[in-house]
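Note: hydrogens, waters and symmetry copies are ignored here, and every other heavy atom, side chains too, is used.
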Amino acid sequence: MSFWDVLLFFCGYYHKLAYICQMKSELRLSIKLTIIFLLFSALAFGINAVLNHYGYFILYRLHFVFFFLHFVSLLTVFGIGLVQKNMMGYIYMLFLILKMITIIFVIYQFPEFEKDILKYFIVYWYYLMLETILVVFKINKEEKNHKINTHNTL
């Protein structure tokens, strides 16, 4: 084995190790952002409980439907972002359209939704804004890391 073969072997190993470390940091960021989403969701459910106590009723079932839609969307976007970073925005937009279609279905399934549409859309928009902020933060962080990693290559 020549010196160049050994050098190429270690450079290849270095890139594999760097890729694994990058995946771990991306996974850590996704977990942190998911925990932030869950904490803000718990806050929303707490506010819902307080409002229900004071007579401003918001159904927990509809609140949970909105939470579940956005939680699944967030997990899918982050999961696909770990494998293919350039698809995160497209997957987010796909889920945005699917959630709009689901809202139309929810309007027909829950007659309570039609009576007090404004307060349910406030809950929906809360989760939508929370999810959008987290996804945009992750995309920007990934883009920033990608720029840094392309400048630090051998």
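Linking Ile, Leu, Val, Met, Phe, Trp and Tyr residues whenever their side-chain heavy atoms come within less than 4.5 Å leaves Ile133 and Val135 in two separate clusters. No chain of hydrophobic side-chain contacts below 4.5 Å, direct or via other Ile, Leu, Val, Met, Phe, Trp or Tyr residues, connects Phe57 to Ile107. Taking hydrophobic clusters as Ile, Leu, Val, Met, Phe, Trp and Tyr residues chained together by side-chain heavy-atom distances below 4.5 Å, Val65 does not share a cluster with Phe105. When the side chains of ILVMFWY residues are joined at heavy-atom separations under 4.5 Å, either directly or via intervening members, Ile101 and Met93 end up in two distinct hydrophobic clusters. When the side chains of ILVMFWY residues are joined at heavy-atom separations under 4.5 Å, either directly or via intervening members, Val136 and Ile91 end up in two distinct hydrophobic clusters.
Leu134 is not listed as a side-chain neighbour of Lys138, based on a closest heavy-atom distance of 4.5 Å or more. Between Leu43 and Phe40 there is a side-chain heavy-atom pair separated by less than 4.5 Å. A heavy-atom distance below 4.5 Å is found between the side chains of Lys99 and Leu128. Within the 4.5 Å cutoff, no side-chain heavy atoms of Leu98 are placed close to those of Leu69. With a 4.5 Å cut-off on side-chain heavy atoms, Phe64 and Tyr60 do not count as touching. With a 4.5 Å cut-off on side-chain heavy atoms, Phe137 and Leu29 count as touching. Counting heavy atoms from C-beta outward, Tyr126 and Phe66 have side chains that stay 4.5 Å or more apart. In this structure the side chain of Phe71 reaches within 4.5 angstrom of the side chain of Leu38, judged on heavy atoms.
Note that CZ of Phe95 and OG1 of Thr76 are 3.5 Å apart. Values are rounded to the nearest 0.5 Å. A distance of 13.5 Å separates CD1 in Ile80 from OH in Tyr90, rounded to the nearest 0.5 Å. Here the CD atom belonging to Glu143 is positioned 13.0 Å from the NZ atom belonging to Lys85, to the nearest 0.5 angstrom. Atom-to-atom distance recorded for Phe78:CZ and Lys32:NZ is 13.0 Å, nearest 0.5 angstrom. To the nearest 0.5 angstrom, Leu94 atom CG is 9.0 Å from Met87 atom CE. To the nearest 0.5 angstrom, Arg28 atom CZ is 13.0 Å from Leu33 atom CG.
Heavy atoms from other residues, nucleotides or ligands lying under 6.0 Å from CZ of Phe45 number more than 12.
Side chain of Tyr120 to backbone of Leu59: a donor-acceptor contact under 3.5 angstrom is found.
The aromatic rings of Phe37 and Phe67 lie parallel to each other, their planes meeting at an angle below 30°, with 60° marking the opposite boundary.
The two residues Tyr56 and Lys119 have their closest heavy-atom pair at OH-CB, 3.7 Å. Here the closest heavy-atom approach between residue His63 and residue Asn48 is recorded as ND1-ND2, 2.8 Å.
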